[in-house]
Structures are given as structure tokens and as C-alpha cells.
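Predicted model, so just to flag it, every value in this text is computed and none were measured.
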Amino acid sequence: MAPQRRGAPKAPEGSGAAERRRPSSTKSVRAPGEVQRKWLRTSVLGACAVLAGLLLWSSMGGDDGVTEVLAHRGEILPGRFIEVPCSEDYDSHRRFEGCSPRKCGRGITDTVITRDEAQRIRSIAEKGLSLGGSDGGASILDLHSGALSVGKHFVNLYRYFGDKIQTVFSEEDFRLYRDVRQKVQLTIAQAFGISASSLYLTKPTFFSRINSTEARTAHDEYWHAHVDKVTYGSFDYTSLLYLSDYLDDFGGGRFVFMEEGANRTVEPRAGRVSFFTSGSENLHRVEKVQWGTRYAVTIAFTCNPDHGIADPVFT
């Protein structure tokens, strides 16, 4: 509220006292007004600066609670591994000696899959998802089961499109997919000190395409924190191969490992492989995509041969 201006005592006409009082009276009233206006200008400018900073942070895909970046988008990592204590999740499942996690952790590498391979793998996703796509922000393509997002539902693309599939994909597509899977499998085995032959591909293993479209069904709500071993009991080791670049192709959409008092994030980069043991020691989520389109493929492995699935076959 502006200060109330109180009138000076009235002096007789012709009195010099009134003339002498006016300057000091006017000055004493205007000084607080000038201070208030200066304070208001400073506050407005400060608020604008804060708002601009928040908008910039948001446009770059920032999210709350991220305190450490494990892998920046500009880095080329030959390999980075962080060991963490294993959770008790594996104790409630059948154990397979020499495979079930005894050593737990998370790793990132940029040298297993080339960017050219990532681009070619992404083209497989783009071709398959061109046949459908979710009405919401998250679309799925599973070459193993044939599951494809279409509108608010899923269809089996092999049954739904029949022979047309052979004009969409090629034998080379499926061979590349298999080769990439094998490279990722070997990387996981080496990082955790187990035999690659003890690992089996398991479901769901799938491509994902995520954009900023509002969710239409629960399947579009990809951003919730979860534990893979709890969600999918067969998972022992999870991996993601990123097929697009954070801040070049999309904003938001970073992968976040959640820990008490600290979150650690991986910034996607085409060709980057992120992998981790699937238990509660690696609780995680994905930030909401703010703009653009994020492509990735989730490749999951189990130690239980009963839960294994075969590579997709082009027929």
C-alpha cells in the first residue's frame, strides 16, 4: 500500500514558515515513494529472471530431484559401471547359479553399438510404427509377440497385416536386430561376470516411441517409477538401446535411477546402451518428454530358460 500523505499545518497567508516547510515536507513524502518504486522495479526484474530461468530449464527437459548425471549426451563412454548392493527381490524367485544376480549395479557404454547401427535399428522401429501408433504419447512395437500400438489398443501386426509385413520389413532388418541383441547380451555378461550363454532373451522386449502427446490410456503413462523385477518377474537384467539424441531430437525423456536423497540420470544418445540388474536396487523412471520424439529399444534378459523367448524370424 502507498504511504498516506498527511497535509502540513496551515500557516497564515504571507508567512514565510509555510514556504520554508513545503520543500522539507514534500521531500519527506517522496523519498519513501521513490524507494518503493525502485524496490518494485527490482522485484519485477528479479521475478522475470527467475521465470526465464525456469522456462529455459523446462525447455531443456529438466526435472526435479536430478542431482547427478551418470552419462551426459556429449560424452562418448567406452564403459562406466556403478556397483550397488543387491535387493532381496531375487530371493523370492528361483535362483540359477552363475547367472542370478549376486553382483548388482548399472552400466553405460557408447562403444558397443555404432551410431550407424542405431540409425538402422531406428528405421525398423519407424517402419513398424508407421502401421499404427498410440493415440497417446507412448507407442510400442514388439517384433517377438507382434504387439503394436494402434489407437487405444494393441494388435498383432503379423495377423492383422498378414503378408504386407514382408513389404515393410526385410531379412536384413531381423538379422541386424539379432546381431545387436547379441552384442548387448555379451556386454551385460562381461559387466556382471557371468556367461552369456546363461542369459535368455525374455519378454517384453520392444521398441518404444514417445512424444509429448497427452496420455489417453494407462499404457501411455510411461513416467511412473517402477522396478522391473516386480513388474515383470522374469527380468533379471534390463537394457535399453537409445535410438535418438537428448536435446537434439527431444527434450525431457531422460532415464532416472531413483535413490534415497539423490536421483541419477542418463541422457539418451543414439547408440548408447544402458543396462542394469532388474531388482529394487535400480528403481527408475523416465521423465516426461516435453517436445520431439524419443526412440529406444528395451532388451530384457532372464536366467530362467523357461521364460526365454526366441529372436523374431522374418517369414
Legend entry - Nearest-0.5 Å distance that lies between atom OH in Tyr242 and atom CD1 in Ile121: 16.0 Å
Inset, instruction - Show your reasoning for whether ring-ring contact (aromatic ring centres under 6.0 Å, His included) applies to Phe276 and Phe257. - result: CA-CA 10 Å; Phe276 50 93; Phe257 290 107; 5.4 Å; yes
Inset, instruction - Would you mind reporting whether Tyr90 and Ser280 have side-chain heavy atoms less than 4.5 Å apart? - result: no
Inset, instruction - Please determine which of Val273, Ile188, Leu241, Val112 meets the side-chain contact (heavy atoms from CB on, under 4.5 Å) test together with Lys183. - result: Val112
Inset, instruction - Applying side-chain contact (heavy atoms from CB on, under 4.5 Å) between Ser134 and each of Asp220, Asn211, Thr217, report the one that passes. - result: Asp220
Inset, instruction - Measure across Glu221 and Ala215 and return the closest heavy-atom pair with its distance rounded to 0.1 Å. - result: CG-CB, 4.0 Å
Legend entry - Side chain to side chain, Tyr237 and Cys303, heavy atoms closer than 4.5 Å: yes
Legend entry - Smallest separation among heavy atoms of Leu143 and Tyr158, with atom names: O-OH, 2.5 Å
Legend entry - 4.5 Å side-chain heavy-atom contact, Arg254 and Arg73: no
Inset, instruction - Would you give the length of the straight line joining atom NE2 of His219 to atom CD1 of Ile140, rounded to the nearest 0.5 angstrom? - result: 10.0 Å
Legend entry - Polar side chain donor-acceptor pair, Asn282 to Thr277, under 3.5 angstrom: yes
Legend entry - Carboxylate-amine/guanidinium proximity below 4.0 Å for Arg294 and Asp249: no
Inset, instruction - Salt-bridge test for Asp245 and Arg115: reply yes if a basic N is under 4.0 Å from a carboxylate O, no otherwise. - result: yes
Legend entry - Separation of Asn304 CG from Leu199 CG (nearest 0.5 Å): 12.0 Å
Inset, instruction - Before accepting this row, confirm whether a basic side-chain N of the pair Asp116/Arg120 lies closer than 4.0 Å to the acidic partner's carboxylate O. - result: yes
Legend entry - Neighbour count above 12 (heavy atom, 6.0 Å) for Phe96 CZ: yes
Inset, instruction - Write down the atom of Arg209, the atom of Gly132, and the distance for their closest heavy-atom approach. - result: NH2-O, 4.3 Å
Inset, instruction - Kindly compute the distance separating CG (Leu148) from CZ (Phe161), expressed to the nearest 0.5 Å. - result: 6.0 Å
Legend entry - Reported CD-to-OH distance for the pair Glu287 and Tyr222, which is rounded to 0.5 angstrom: 9.5 Å
Legend entry - Salt bridge flag under 4.0 Å for residues Lys203 and Asp142: no
Legend entry - Crowding at OH, Tyr232 (>12 non-hydrogen neighbours, <6.0 Å): no
Legend entry - Short side-chain donor-acceptor distance under 3.5 Å, Gln182 and Arg178: no
Inset, instruction - Only one of Asp236, Asp89, Thr238 passes side-chain hydrogen bond (donor to acceptor under 3.5 Å, both in side chains) with Lys229; say which it is. - result: Asp236
Legend entry - Between CD on residue Glu117 and OH on residue Tyr177, distance to nearest 0.5 Å: 14.5 Å
Legend entry - Within 6.0 Å of NE2 in His72, more than 12 heavy atoms from elsewhere: yes
Legend entry - Ile76, CD1: over 12 other non-hydrogen atoms inside 6.0 angstrom: no
